[in-house]
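Notes to accompany the following structure.
Computed from heavy atoms alone, side chains included, the values below leave out hydrogens, waters and symmetry copies.
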Amino acid sequence: MFSKPLSIAACMSCLVFIFIAYVELTGPTPLTYLYELKAQSTQDNFTINYKHISKEIIQNASQTVQNTDNTSIQAQTNSGGMIDVMRSSIGLKNPDRTVKVGDFFSVIIQARDQYGQNCKGGDFFFATIGSGSNHASGKITDFKNGTYEVLFFAGWPGVIDIYITLVHPSEAVDFIEQEIWPLEKRVVWKGNFGENKPETTKCSLGNSRDEHINECKYVQPLATGETALYCDKPKHTSCDSLNWIKSDDNYVNRMFAKLYKPHQLILSKSVTYIRLPEGTTSLTISNTTTMSNMLLPECKADLPKPRSEGFWTNNVWTSFQCKTKQWTKQEIIKCINGKHIVLMGDSTTRQWTEQLLKFMGVTRSKNTTKPNTKHIQHHSDIMMLDFYFHPYSIGSITHIYRVGKWEYEILDNLNVDTCNNYVIMVSPWAHYAQWTKESFIERLHLLRETLVRFIKRCPGAKILMKTPHPRNHSSQISLLYGSDKLLYNIYELYFSIFSGLGIHILDIWDMNLSYPSRNTIHMPTPVILQELFLMFSHICTV
C-alpha cells in the first residue's frame with residue numbers, strides 16, 4: 001500500500017481534522033502562478049485566504065488566508081496536548097465542487113489531542129497523493145495553532161488516495177531540535193595509530209574553543225572551521241601516526257538507546273510515521289482540462305520555488321521547477337562535450353556517479369578507475385567525470401585517514417585557464433545529521449565561501465547543489481541520529497545559505513518523498529535517473 005507523505009509540521013497527540021478545498025486557477029497554465037499566504041492572528045480564530053501573485057511564499061504561518069471564492073475556514077486557537085491520530089478526522093471542504101486536472105486543491109489539517117483540544121502546531125507531517133503509477137507531494141503550511149494547509153496539484157484524472165502521515169509530534173520535534181541536534185559526540189570513530197604495534201583509540205568531533213586534554217587534534221579551518229577531529233592520544237606512538245578511522249556504530253547505538261528510553265512516549269511507533277486514519281481519504285479528479293500549454297521557465301539558478309514540484313507517472317518525473325526532459329545517451333554526450341563534471345558528496349552522490357557510468361555504458365571501461373576508496377573517475381572522449389567522497393564519513397567501511405577531499409581542496413586548485421569548462425555539483429548532507437547544528441552550519445558557511453571564491457575565479461563554470469531527501473528509518477533509535485526532521489532542516493539551510501549566489505539548487509525532496517516505494521537513503525534506479533535528468537536539464541538548455 002502506498003503510504004508516502006510530504007513534510008512540515010503538525011501536532012503530537014492532537015486529533016487531526018482535515019478539510020479539502022480546491023482553488024481553480026485560470027490562464028494558460030496554473031503553474032505560472034506562485035502563491036503567498038497572509039494571515040492575521042486573532043485571539044480565537046484565523047481565516048484562510050488565497051491570493052494569486054507571481055512570486056512564491058512560505059512565511060508567516062501565524063496568520064490567515066482566504067479562498068478565491070471568498071469562503072473562509074475558521075479554526076480555534078486553543079493550545080492542547082500531544083496529537084492523537086486515532087481521533088483525527090479528514091473531511092472535504094465544498095465536496096460537491098469538481099476538481100479538474102490542472103487545478104490546485106487544499107487539504108486543511110486540524111490537529112487535536114485526546115481531549116479534543118486543538119494542538120499548538122509544530123508537528124512534522126508528510127503529505128502525498130497517489131493512484132496507480134501517479135504520485136505527488138503537497139506543500140504544507142503550519143499556522144502554529146494546530147491547523148495546517150496542504151496544497152496539492154491535480155496532475156492526472158481519476159480517484160486519488162490522500163495520505164497525511166504524522167512523522168513526529170511537536171514534542172518529538174522540540175526534543176530532536178533542542179536536545180539532540182546540539183548534542184556533541186553523536187558520531188564516534190575508532191582511530192588506528194602506529195605500524196608495528198598499532199593502537200586503537202576513540203575519536204570524535206569537538207569545538208576547538210573547548211578544553212581538550214590528552215587528545216590529538218586534527219583541524220581543517222577552511223572546511224570545518226572551529227570544529228576539529230579529536231582522538232584520545234595513543235600511549236606508544238605519536239598523533240602523526242593516525243592510519244585510518246572507522247565509525248563506531250556500537251558506541252552510537254548504545255548512546256542513543258539511553259537517550260531514547262526516557263523519551264519513548266514521544267518517539268514510539270504510535271506517533272511516528274503513522275497515517276491519519278479517519279474520514280475522507282480519497283478524491284476524484286475530473287479529466288476536463290489539459291496541461292499541454294504549461295509554461296515553465298528554463299532551468300537556471302535561483303528559480304523561485306513552485307507551488308508544486310511535480311508528479312510521478314510510470315517512473316517518469318514531470319518537474320514543475322523548470323523545463324526538463326528525458327535524456328538519451330547521445331544527447332548527454334552532446335550536452336557535456338568539452339565540459340568536466342566534478343561531483344562531491346556522499347554515497348547518494350556516488351549513486352549518481354555509478355548510475356551515470358552505467359547509463360553511458362562505460363562502467364567497465366578502462367577509462368573508469370578508482371584511485372582510492374573515495375574517488376571514482378572516468379576520463380575519455382565520451383565524458384570527463386570525477387566523484388569525490390567527503391572526509392569523516394560514517395558507515396561500515398574503514399578509510400585511510402584523510403583519503404577524502406574537502407571541497408576547497410579541489411576547487412581552490414583547479415586550473416584557472418580551464419576551470420570555466422567545469423560543472424561542479426556539491427551535496428554534503430547524509431552524514432551531517434549527526435553533527436551538531438552549530439558545527440554543520442559553520443561547515444555550510446565555509447563551503448559557501450569556497451564556492452564564492454571559485455565563482456570569482458571561474459565565472460563561466462556552472463555550480464549545482466543536490467538537496468537532501470527523506471530516508472525513513474528501520475529502528476526507533478535511528479530516528480534520533482538521522483531524523484527526517486533534521487534532514488528537512490538541512491534542506492532548508494541549503495536554500496537560506498546558498499540562494500542568491502547563482503548556484504543551481506536541485507530540489508529533489510518531493511521527488512523522493514512521493515516516489516511509490518519506501519524512502520531509503522539509497523533510492524531505486526528510476527529516482528536516480530530522474531535526478532540526473534534534472535541535473536542535465538540545468539547544465540544544458542532543454
Just by distance, do the side chain of [X] and the backbone of [Y] share a donor-acceptor pair under 3.5 Å?
{"X": "Ser514", "Y": "Asp510", "answer": "yes"}
{"X": "Thr224", "Y": "Thr227", "answer": "yes"}
{"X": "Ser247", "Y": "Asp249", "answer": "no"}
{"X": "Asp103", "Y": "Ala154", "answer": "no"}
{"X": "Asn118", "Y": "Gly146", "answer": "no"}
{"X": "Thr436", "Y": "Pro182", "answer": "no"}
{"X": "Thr520", "Y": "His522", "answer": "yes"}
{"X": "Trp312", "Y": "Met511", "answer": "yes"}

For residues 433-445, which residue pairs pass the salt bridge (Lys or Arg N to Asp or Glu O under 4.0 Å) check, not counting sequence neighbours?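 Qualifying pairs: Arg209-Glu438, Glu407-Arg443.
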Which residues share a side chain to side chain contact (heavy atoms under 4.5 Å, CB included) with [X], sequence neighbours left out:
{"X": "Asn315", "value": "Tyr515, Pro526"}
{"X": "Val252", "value": "Phe256, Gln434, Tyr481"}
{"X": "Ser204", "value": "Lys185, Val188"}
{"X": "Leu493", "value": "Trp181, Phe440, Ile441, Leu444, Ser496, Ile497"}

Checking [Y] against [X]: is there a side-chain donor and acceptor pair closer than 3.5 Å?
{"X": "Asp484", "Y": "Tyr273", "answer": "yes"}
{"X": "Glu531", "Y": "Asn512", "answer": "yes"}
{"X": "Thr141", "Y": "Glu149", "answer": "no"}
{"X": "Thr324", "Y": "Ser537", "answer": "no"}

Steps toward salt bridge (Lys or Arg N to Asp or Glu O under 4.0 Å) verdict (Lys120, Asp113): CA-CA 10 Å; Lys120 65 179 182 180; Asp113 63 18; over 6 Å; no
Parallel, tilted or perpendicular for Phe153 and Phe320, by the 30°/60° rule?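 Ring orientation, 0 to 90° scale: perpendicular.
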What class does the angle between the rings of Trp189 and Tyr392 fall in, given that below 30° is parallel, 30 to 60° is tilted and above 60° is perpendicular?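 Ring orientation, 0 to 90° scale: tilted.
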Quick one: do Ile108 and Thr147 satisfy side-chain contact (heavy atoms from CB on, under 4.5 Å)? Show the steps, please. CA-CA 7 Å; Ile108 304 299; Thr147 301; 3.7 Å; yes
Determine the minimum heavy-atom distance between [X] and [Y], stating which atoms define it.
{"X": "Leu276", "Y": "Ile109", "value": "CD1-CG2, 4.3 Å"}
{"X": "Ile162", "Y": "Leu283", "value": "CD1-CB, 4.2 Å"}
{"X": "Gly500", "Y": "Asp302", "value": "N-OD1, 2.7 Å"}
{"X": "Val85", "Y": "Pro277", "value": "O-CD, 3.2 Å"}
{"X": "Arg186", "Y": "Ala433", "value": "NH1-O, 2.8 Å"}

Determine, stepwise, if the pair Lys100 / Ile285 fulfils side-chain contact (heavy atoms from CB on, under 4.5 Å). CA-CA 5 Å; Lys100 302 183 294 294; Ile285 298 174; 5.7 Å; no
How about [X] and [Y]: are their ring centroids closer than 6.0 Å?
{"X": "Phe104", "Y": "Phe152", "answer": "no"}
{"X": "Tyr494", "Y": "Tyr491", "answer": "no"}
{"X": "Tyr432", "Y": "Trp429", "answer": "no"}
{"X": "His135", "Y": "Tyr163", "answer": "no"}

Can a salt bridge be assigned to the pair Arg275 and Asp161 using a cut-off of 4.0 Å between side-chain N and carboxylate O?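 So Arg275 does not pair with Asp161 through a salt bridge.
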Any Lys/Arg nitrogen of Asp507 or Lys466 sitting under 4.0 Å from an Asp/Glu carboxylate oxygen of the other?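 Judged by the 4.0 Å cut-off on N to carboxylate O distance, Asp507 and Lys466 do not form a salt bridge.
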Under 4.5 Å between any side-chain heavy atoms of [X] and [Y], yes or no?
{"X": "Trp317", "Y": "Leu534", "answer": "no"}
{"X": "Phe389", "Y": "Asp346", "answer": "yes"}
{"X": "Met344", "Y": "His390", "answer": "no"}
{"X": "Lys190", "Y": "Cys203", "answer": "no"}
{"X": "Lys485", "Y": "Val167", "answer": "no"}
{"X": "Trp352", "Y": "Ile528", "answer": "yes"}

Kindly state each residue pair satisfying side-chain hydrogen bond (donor to acceptor under 3.5 Å, both in side chains) with at least one member in residues 252-272, sequence neighbours excluded.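 Every side-chain hydrogen bond (donor to acceptor under 3.5 Å, both in side chains) pair that includes a residue of residues 252-272, provided the two are not neighbours, is Ser268-Ser270.
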In sequence, state the C-alpha distance, the side-chain angles, and the governing distance for Asp248 and Lys202, and then conclude on salt bridge (Lys or Arg N to Asp or Glu O under 4.0 Å). CA-CA 9 Å; Asp248 188 345; Lys202 184 176 68 176; over 6 Å; no
Under the criterion side-chain contact (heavy atoms from CB on, under 4.5 Å), I'd like the reasoning laid out for Glu179 against Ile176: C-alpha separation, chi angles, the key distance, then a yes or no. CA-CA 6 Å; Glu179 298 188 44; Ile176 289 169; over 6 Å; no
Evaluate side-chain contact (heavy atoms from CB on, under 4.5 Å) for His469 paired with Val527, printing each intermediate quantity in order. CA-CA 11 Å; His469 65 72; Val527 178; over 6 Å; no
